[in-house]
Amino acid sequence: MTAISIQNLHKSFASNRAVNEVSLNINRGELFGLIGPDGAGKTSLMRLIASLLLPDSGSVHVFGFDTRRDYRSIRKQLGYMPGRFSLYPDLTVEENLHFWATVFGTTIDRHYHLIEQIYKPLEPFKKRKAGQLSGGMKQKLALSCALIHSPSLLLLDEPTTGVDAVSRMEFWDMLQGLKGKDMTLLVSTPYMDEADLCDRIALMQQGKILSAGNPHHLRTQFIGRLWEVKTPQIHPLKQRLNALFGCEVAHLFGQCLHWTCQADMSIDKVEQVLKQFHIPIDSLREIEPGIEDCFIQIARS
Amino acid sequence: MRTLFFLLQKEFIQIFRNRTMLPIIFLMPIVQLVILVYAATLEMKDIRFSVVDLDQTEQSRGVWQRFEASPFFHLNSFHSSEKRAMQDFYEGTADLLVIIPAGFEQSFYRNEPLSVQVLVNAINGLTAGLSSSYATQILLSVNQDLPLRLYAAQSSSQLKQIEITRRFWFNSSLNFKHYMVPGILVILVTVIGMFLSAINIVREKELGTMEQINVSPIGKVQFILGKLIPFIIIALFELALGLGIGKLLFDIPFRGSLWLLFSFAFLYLLLVIGFGLLLSTHSRTQQQVMFMSFFFLLVFILMSGIFTPVETMPDWARKVNYLNPFAYFMKVNRMILLKGSSIVDLWRDFLTIGLYAFLVLSLAVLTYRKRA
């Protein structure tokens with residue numbers, strides 16, 4: 001069953017096309033990832049779905065309700081956590097939670113089971129002002145506040161941006177925990193490595209959706225073999241790859257270089273060519289493409 | 001209703017937790033009333049004057065000695081010519097010159113018309129007017145008091161005078177403070193109401209909580225009411241506090257009904273806070289909204305008649321004042337407190353401000369968008 005259905009959606013700010021011809025379906029109960037670099041239009045798309053922005057053309061339906069006309073019905077079932085911390089810094093943890101519960105016409109007790117796991121570590125600090133919490137705790141509070149009215153759809157705009165690696169994994173664990181509770185989750189993130197944690201993803205760039213689907217399925221659509229080399233001469237090699245192998249796609253991945261070639265080459269052949277041109281190799285191997293490799297290949301084609 | 005209650009609860013928690021704003025809210029009425037009322041007085045004392053006595057007789061001395069004896073005037077210096085005395089004007093050591101021509105005493109005994117020249121520094125028209133009227137009163141008393149003149153006047157019937165007796169109504173002692181306190185109360189209540197409400201919504205925008213509220217099922221009217229009610233309560237409290245201070249320190253009279261005054265203040269606050277909310281919904285940063293409300297406040301205050309009477313303004317300015325909420329409350333506040341006016345005298349102002357408030361609030365609710 002469809003939770004969100006988007007058809008030919010357009011939204012521009014002045015001359016900037018933030019969302020450009022987007023069509024997308026998100027199923028009920030799914031953990032859906034919206035993945036793309038900064039400025040790809042993720043936040044605008046989220047705000048369009050949250051009925052905070054009106055589309056220029058096209059339509060968004062949330063649980064069958066049009067965001068243009070039936071936004072009131074949508075807002076009762078919606079939890080929205082913006083990218084920026086947006087709670088009252090001068091209210092305490094408890095007061096914030098209480099306030100957002102009453103705003104949605106409910107009480108903390110009624111849906112406490114939903115947030116229990118997330119809110120537990122905050123309990124000892126419930127008399128502390130929200131502005132004085134650490135980054136990770138702020139986020140737990142924000143998620144608790146977005147969940148307290150038991151929304152059917154939870155929109156999380158870049159919840160892990162600027163969060164340390166440990167808290168990031170913790171946060172994704174929390175999201176996985178919510179999945180079973182008949183809740184549709186839409187998460188945007190610029191981190192490609194988070195894609196594998198989603199049921200389905202959409203890759204987004206310059207307002208367009210490049211590709212959408214199961215992350216494993218997306219990876220099988222990768223064209224060509226992918227090589228990874230670790231070398232001290234990473235930049236000179238990157239520039240010469242085209243001359244050496246007729247290489248098409250090369251990008252830096254941490255301290256390694258990833259590239260693909262159309263020509264079918266064995267690992268021995270590759271090693272031979274590199275040695276011939278006096279390029280020292282720390283390691284060389286053929287690898288399975290990650291989402292980032294897929295993204296770059298699709299984005300360049 | 002329940003949601004509104006919690007909205008209000010949240011606002012009050014935030015207001016009372018704000019360590020910089022809270023003292024200002026409660027100190028402002030005290031500071032404003034005490035300092036401004038004493039400082040911004042129009043009673044003039046110690047106007048410095050210089051004398052050019054070209055007659056140098058007993059009668060001429062009598063004239064300037066009366067000036068000196070008056071509490072309003074303070075003798076600066078003597079000069080032998082008008083030209084020299086003018087120097088005091090330029091240097092700013094005197095604001096009034098009394099020039100007594102030669103032959104003053106002679107004319108006096110001959111019962112001829114007397115002339116004394118008074119020059120007034122009129123850079124500030126208001127103080128010049130006051131100085132010259134004080135001077136005129138003193139010169140008239142010269143006329144009346146001297147027994148010889150009186151004798152002459154009695155003997156020749158042609159010099160019969162009309163004696164003017166005055167009685168000042170509503171502020172019989174011409175206590176300027178009684179006039180100022182109600183005016184300053186208006187400024188106080190308006191500043192509190194308008195600034196606080198204007199900053200408040202913009203702050204929610206800056207925090208990002210506005211978006212969160214926008215995606216919630218809270219209605220526009222509920223939201224605006226949640227912002228309106230706390231500031232009305234605070235501003236009415238300020239008014240009560242201000243009136244209390246006015247009574248204690250300046251003994252201002254409460255001639256009219258306080259219920260009437262507070263009813264009008266309520267309507268007025270709906271208008272002023274609605275205006276603040278209107279500015280607030282159309283600004284993105286606190287800086288913008290502060291600048292805008294400051295602009296409006298300044299124009300409203302200066303046009304309102306707190307320092308210069310509205311009656312002396314040109315016709316167009318008086319018409320502009322029909323739009324100035326300050327002017328209404330300034331007038332009504334003084335009328336109720338000092339004159340004891342009742343609803344019969346004030347129903348027009350009640351109606352105007354009521355309609356005005358309705359208009360501005362509707363505009364604030366209608367233009368507040370929950371989405372872009």
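Numbered from 1 within each chain, the chains take letters A, B, ... in sequence-line order.
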Legend entry - Residues of residues 5-22 of chain B with any heavy atom under 4.5 Å of a heavy atom in chain A: B:Phe6, B:Leu7, B:Gln9, B:Lys10, B:Ile13, B:Gln14, B:Arg17
Legend entry - Plane angle bin for B:Phe300 and B:Phe296 - parallel if under 30°, tilted between 30 and 60°, otherwise perpendicular: tilted
Less than 4.5 Å to any heavy atom of chain B: does that hold for the side chain of [X], its backbone, both, or neither?
{"X": "A:His149", "answer": "neither"}
{"X": "A:Tyr80", "answer": "both"}
{"X": "A:Arg84", "answer": "side chain"}
{"X": "A:Ser73", "answer": "neither"}

Inset, instruction - Please name all residues satisfying salt bridge (Lys or Arg N to Asp or Glu O under 4.0 Å) with A:Glu116, sequence neighbours left out, ordered by chain then number. - result: A:Lys120
Inset, instruction - Not counting sequence neighbours, which residues clear salt bridge (Lys or Arg N to Asp or Glu O under 4.0 Å) with A:Asp66? List them please. - result: A:Arg69
Contact between [X] and [Y] at the side-chain level, heavy atoms closer than 4.5 Å - yes or no?
{"X": "B:Ile233", "Y": "B:Phe237", "result": "no"}
{"X": "A:Pro151", "Y": "A:Gln77", "result": "no"}
{"X": "B:Met290", "Y": "B:Ile199", "result": "yes"}

Inset, instruction - Give every residue pair that meets the salt bridge (Lys or Arg N to Asp or Glu O under 4.0 Å) criterion with at least one member in residues 35-44 of chain A, sequence neighbours excluded. - result: A:Lys42-A:Glu158
Inset, instruction - Examine distances only and state if a side-chain atom of B:Ser280 and a backbone atom of B:Val202 form a donor-acceptor pair shorter than 3.5 Å. - result: yes
Inset, instruction - Measure from the side-chain N and O atoms of A:Lys179 to the backbone N and O of A:Leu185, and report whether any donor-acceptor pair falls under 3.5 Å. - result: no
Inset, instruction - Below 4.5 Å from any heavy atom of chain A, which atoms of B:Glu204 appear? Answer side chain, backbone, both or neither. - result: side chain
Legend entry - Most chain B-contacting option - heavy-atom pairs closer than 4.5 Å, from A:Pro82, A:Ala50, A:Gly79: A:Pro82
Inset, instruction - Against chain A, work out which of B:Gln212, B:Met210, B:Gln222 has the most heavy-atom pairs shorter than 4.5 Å and name it. - result: B:Gln212
